[in-house]
Amino acid sequence: MWFIIDDQMADDRRIRRLPLATVGLWVKLCVIHSKGISMQAKDPAAYPGYFDQLDLKDAGGTMKQLQQLIDMGLMEEHGGGWRPVYAEGICKEPKTLTEEQREARRKAGSKGGRRKAANQKAKQPSSNLLANSQANGEQNSSETGSETSSKLLGDSQAKTWHKTDTDTDIPSPTPPASISKQTDTPDAGFDRFAEAYPGSVGAKGRKTEVEARALYAAIAGNPVELTRLQTALRRYKHAVNDGQIRSGHIPRLNTWLRDQWETWAPEPISPPPSHKHTWNCEHVHQLMDPHEDEYDHTGSLRNGNPSEWWKACQACADELNNQETSKEKQ
């Protein structure tokens with residue numbers, strides 16, 4: 001994946017109003033985000049889709065500089081952090097190749113390589129072809145050697161004629177069918193996570209490794225918690241690399257997953273409060289307004305004598321609430 005800066009960027013008024021150091025930070029953050037998106041295409045849990053305050057600090061930036069970029073419309077809040085805004089005339093949004101596009105490129109490169117090799121072989125003189133065959137031990141006797149020499153000479157002439165005197169390319173064999181990528185498994189996810197962890201995991205099959213694997217599986221079962229765990233690992237690795245945590249103080253993975261990972265994770269995002277339907281909410285009105293003329297509006301809720309219209313609307317609201325409660329329990 002490439003992050004491409006437009007050659008008109010220097011003339012853009014938003015860039016010209018920013019300090020040079022802030023422009024440099026913008027480039028670095030865009031590259032970090034682009035790399036993360038590329039990793040995310042291979043493993044969705046590898047990057048959450050945004051950079052956080054720890055990434056900003058690691059890039060050498062400050063919140064003041066980030067705010068300058070936000071004010072100019074070059075950054076925006078997203079999820080638990082920020083991401084670039086790809087503005088026309090400044091840069092181009094990076095594109096991730098699909099599996100089909102990668103496979104097509106691989107096939108095209110393989111076919112082109114075979115064709116080039118065949119063309120180079122066709123251009124070799126017969127003496128070189130004969131020398132190559134002798135070096136590979138293809139001649140067993142002088143009689144066989146003469147036959148091989150004449151055969152190679154004939155092949156060489158045929159290939160040369162085929163390439164120079166016709167417009168037809170030398171046919172290449174059909175590449176083998178690609179093997180579909182296997183679905184990722186929890187064990188594979190743990191293995192990648194353990195490999196990225198800066199500390200020890202323990203021998204495979206031992207108590208510490210088994211416990212770490214079980215703790216990871218319990219967390220990874222919830223996609224939201226898995227994203228927090230991946231972010232926690234990135235932050236922890238930054239702290240280790242920066243020297244904030246000495247190598248001798250890094251716990252084993254099972255201990256970190258049991259006692260410490262949540263201290264490095266971002267705060268969980270609280271789900272939005274659920275809507276409780278009432279007799280006067282818009283959802284009830286959408287259902288009941290077409291039938292309003294069918295009900296008597298005489299009555300007073302304040303005096304304890306609600307109208308038939310209010311009773312029908314309240315019954316509709318209760319039914320909607322019961323339906324949503326049943327869905328949550330399923």
Side-chain angles (χ1 to χ4, degrees), residues 29 33 36-37 40-41 43-56 63 66-88 93 96 183-184 186 189 215-232 234-235 261-330:
L29 291 175
H33 181 73
I37 294 297
Q40 190 182 51
D43 180 9
Y47 185 66
Y50 56 85
F51 61 87
D52 55 23
Q53 193 167 356
L54 192 63
D55 295 318
L56 174 66
M63 287 299 299
L66 179 62
Q67 189 59 50
Q68 290 174 338
L69 294 172
I70 294 174
D71 293 341
M72 288 298 171
L74 300 178
M75 289 287 171
E76 65 179 3
E77 293 186 6
H78 179 71
W82 304 269
R83 66 180 180 184
V85 175
Y86 300 102
E88 184 177 356
E93 183 174 2
T96 304
T183 304
D184 199 7
L215 290 169
Y216 175 86
I219 299 171
N222 185 332
V224 176
E225 290 297 285
L226 178 59
T227 301
R228 294 182 65 223
L229 178 63
Q230 294 288 350
T231 303
R234 290 194 300 114
R235 291 178 173 182
W261 79 270
E262 288 189 290
T263 62
W264 295 91
E267 290 296 324
I269 301 175
S270 302
S274 58
H275 173 70
K276 183 174 178 61
H277 299 285
T278 65
W279 75 274
N280 200 31
C281 76
E282 58 177 341
H283 306 100
V284 172
H285 276 291
Q286 289 176 357
L287 296 172
M288 295 298 297
D289 282 357
H291 309 282
E292 184 174 1
D293 294 338
E294 303 173 12
Y295 295 91
D296 183 11
H297 287 251
T298 304
S300 173
L301 181 62
R302 180 178 299 178
N303 297 330
N305 183 26
S307 65
E308 294 299 322
W309 168 246
W310 183 92
K311 292 178 182 178
C313 290
Q314 186 59 46
C316 179
D318 293 339
E319 180 62 25
L320 290 176
N321 290 326
N322 291 336
Q323 290 177 3
E324 293 186 358
T325 302
S326 299
K327 290 180 181 178
E328 293 176 357
K329 292 181 179 179
Q330 290 179 354

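Nearest heavy-atom pair across His285 and Pro290 is O-CD, 4.2 Å. Minimum interatomic distance between Gly80 and Tyr50 (heavy atoms only, all atoms of both residues): N-CZ, 3.4 Å. The two residues Ala265 and Arg235 have their closest heavy-atom pair at C-NH1, 3.7 Å. In plain terms, the two heavy atoms of Trp309 and Glu292 that are nearest each other are CZ3-CA, 3.4 Å. Taking all atoms of both residues into account, the shortest heavy-atom contact from Thr227 to Pro48 is CG2-CB, 3.9 Å. Considering all non-hydrogen atoms of both residues, His275 and Asn321 come closest at O-OD1, 4.4 Å.
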Glu282/Gln286 under side chain to side chain donor-acceptor pair (under 3.5 Å): CA gap, chis, key distance, verdict: CA-CA 6 Å; Glu282 58 177 341; Gln286 289 176 357; 4.6 Å; no
Test log, rule side-chain contact (heavy atoms from CB on, under 4.5 Å), inputs Trp261 and Thr231: CA-CA 10 Å; Trp261 79 270; Thr231 303; over 6 Å; no
Chi angles and distances behind the side-chain contact (heavy atoms from CB on, under 4.5 Å) call for Met75, Phe51: CA-CA 11 Å; Met75 289 287 171; Phe51 61 87; 3.8 Å; yes
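Rounded to the nearest 0.5 Å, atoms CG (Leu56) and CG (Leu66) are 5.5 Å apart. Taken to the nearest 0.5 Å, the CG atom of Asp296 stands 3.5 Å off from the OG1 atom of Thr298. Atom-to-atom distance recorded for Trp264:CH2 and Arg228:CZ is 14.5 Å, nearest 0.5 angstrom. Expressed to the nearest 0.5 Å, how far NE2 of His78 lies from NE2 of His33 amounts to 7.5 Å. Interatomic distance, CG of Asp318 versus CH2 of Trp279, reported as 13.5 Å (0.5 Å rounding). Once rounded to the nearest 0.5 Å, the distance linking CD of Gln67 with CD1 of Ile70 reads 4.5 Å.
Residues Asn280 and Trp310 have side chains not in contact (no heavy-atom distance under 4.5 Å, counting atoms from C-beta outward).
Distance alone, capped at 3.5 Å, is enough to place a donor-acceptor pair between the Asp52 side chain and the Leu54 backbone.
Within a 6.0 Å sphere centred on CG of Asp293, other residues, nucleotides and ligands contribute 12 heavy atoms or fewer. Within a 6.0 Å sphere centred on CD of Glu225, heavy atoms belonging to other residues, nucleotides or ligands number more than 12.
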